[in-house]
Amino acid sequence: DAKTTQPTSMDCAEGRAANLPCNHSTISGNEYVYWYRQIHSQGPQYIIHGLKNNETNEMASLIITEDRKSSTLILPHATLRDTAVYYCIVSSGTASKLTFGTGTRLQVTL
Amino acid sequence: DVKVTQSSRYLVKRTGEKVFLECVQDMDHENMFWYRQDPGLGLRLIYFSYDVKMKEKGDIPEGYSVSREKKERFSLILESASTNQTSMYLCASSPIDPGQIKYVRNTGELFFGEGSRLTVL
């Protein structure tokens with residue numbers, strides 16, 4: 001599975017959009033981009049995933065560049081409860097493995 | 001809502017003890033996983049199972065074994081606990097995509113439990 005690169009940490013003001021970038025320049029054609037987050041002292045939580053097209057659900061939007069070498073997770077109106085570590089994962093989805101790296105620590109502030 | 005329940009949030013054991021970590025899911029998922037999480041290392045896959053009595057090694061299986069006798073339950077076993085197994089252990093489950101070849105892929109959507117923090121003294 002392709003490796004991802006994310007910033008170690010980011011800050012965002014409450015009510016503003018949080019844009020979390022992820023680079024995955026070695027992604028292959030059958031690999032999906034997944035986003036999870038982990039709030040302190042809890043297990044990770046699935047947010048969204050996509051292959052080529054942009055995706056939106058009730059939690060977030062996922063924007064994937066046309067060459068698929070990078071993506072951005074957008075939380076449109078960040079709240080304090082969105083403070084968490086966000087993981088970008090690239091995987092072909094075979095039965096085993098989503099490899100979680102160290103993610104981006106998002107701090108939402110007043 | 002999908003619920004993945006881990007039997008203990010906090011455990012303290014002594015070196016050499018046998019440790020059982022239990023995980024139960026209530027959504028009839030085929031796939032179940034055990035990860036451990038350590039500071040600076042992220043989550044690392046220990047074992048996973050895609051069916052009853054089936055298991056596959058993950059990235060760090062050494063020192064661990066697993067058991068899946070029933071679909072809803074996946075147990076992680078430390079035969080002889082050591083101090084380097086002090087960690088947060090996370091269980092997860094996921095369904096298989098309908099129409100996909102069984103055992104080949106899942107949806108990638110994992111549902112995690114709240115974790116079991118094990119300290120080995």
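Only the side chain of L90(B) comes within less than 4.5 Å of a heavy atom in chain A; its backbone stays farther off. At a 4.5 Å heavy-atom cutoff, Q6(B) makes no contact with chain A through either its backbone or its side chain. Residue contact with chain A, scored on non-hydrogen atoms closer than 4.5 Å, is absent for R44(B).
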Compile the donor-acceptor pairs under 3.5 Å between side chains in residues 8-19 of chain A and protein atoms, sequence neighbours left out, one pair per line.
none

Tabulate below the donor-acceptor pairs under 3.5 Å that side-chain atoms of residues 70-78 of chain B make, not counting sequence neighbours, or state none.
| unit_1 | atom_1 | unit_2 | atom_2 | d |
| --- | --- | --- | --- | --- |
| K71(B) | NZ | D28(B) | O | 3.4 |
| K71(B) | NZ | D28(B) | OD1 | 3.1 |
| K71(B) | NZ | D28(B) | OD2 | 3.4 |
| S75(B) | OG | E22(B) | OE1 | 2.6 |

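Hydrophobic clustering, with ILVMFWY side chains joined whenever heavy atoms are under 4.5 angstrom apart, groups M59(A) together with I48(A). A continuous path of ILVMFWY side-chain contacts below 4.5 Å connects L51(A) to Y87(A), so both sit in one hydrophobic cluster. Clustering ILVMFWY residues whenever any of their side-chain heavy atoms sit less than 4.5 angstrom apart, transitively, puts L45(B) in a cluster other than the one holding L118(B). Linking Ile, Leu, Val, Met, Phe, Trp and Tyr residues whenever their side-chain heavy atoms come within less than 4.5 Å places V90(A) and Y86(A) in a single cluster.
Checked against the 6.0 Å centroid threshold, Y35(B) and F100(A) count as a close aromatic pair.
Scanning all heavy atoms of the two residues, the minimum distance from T102(A) to G42(B) falls at CG2-N, 4.1 Å.
Atom CD in E109(B) sits 11.0 Å away from atom CD1 in I47(A) (nearest 0.5 Å). With rounding to the nearest 0.5 Å, the separation of CD in Q42(A) from CZ in F112(B) is 12.5 Å.
Within the 3.5 Å criterion, the main-chain N or O of L110(B) finds a donor-acceptor partner in the side chain of Y36(A).
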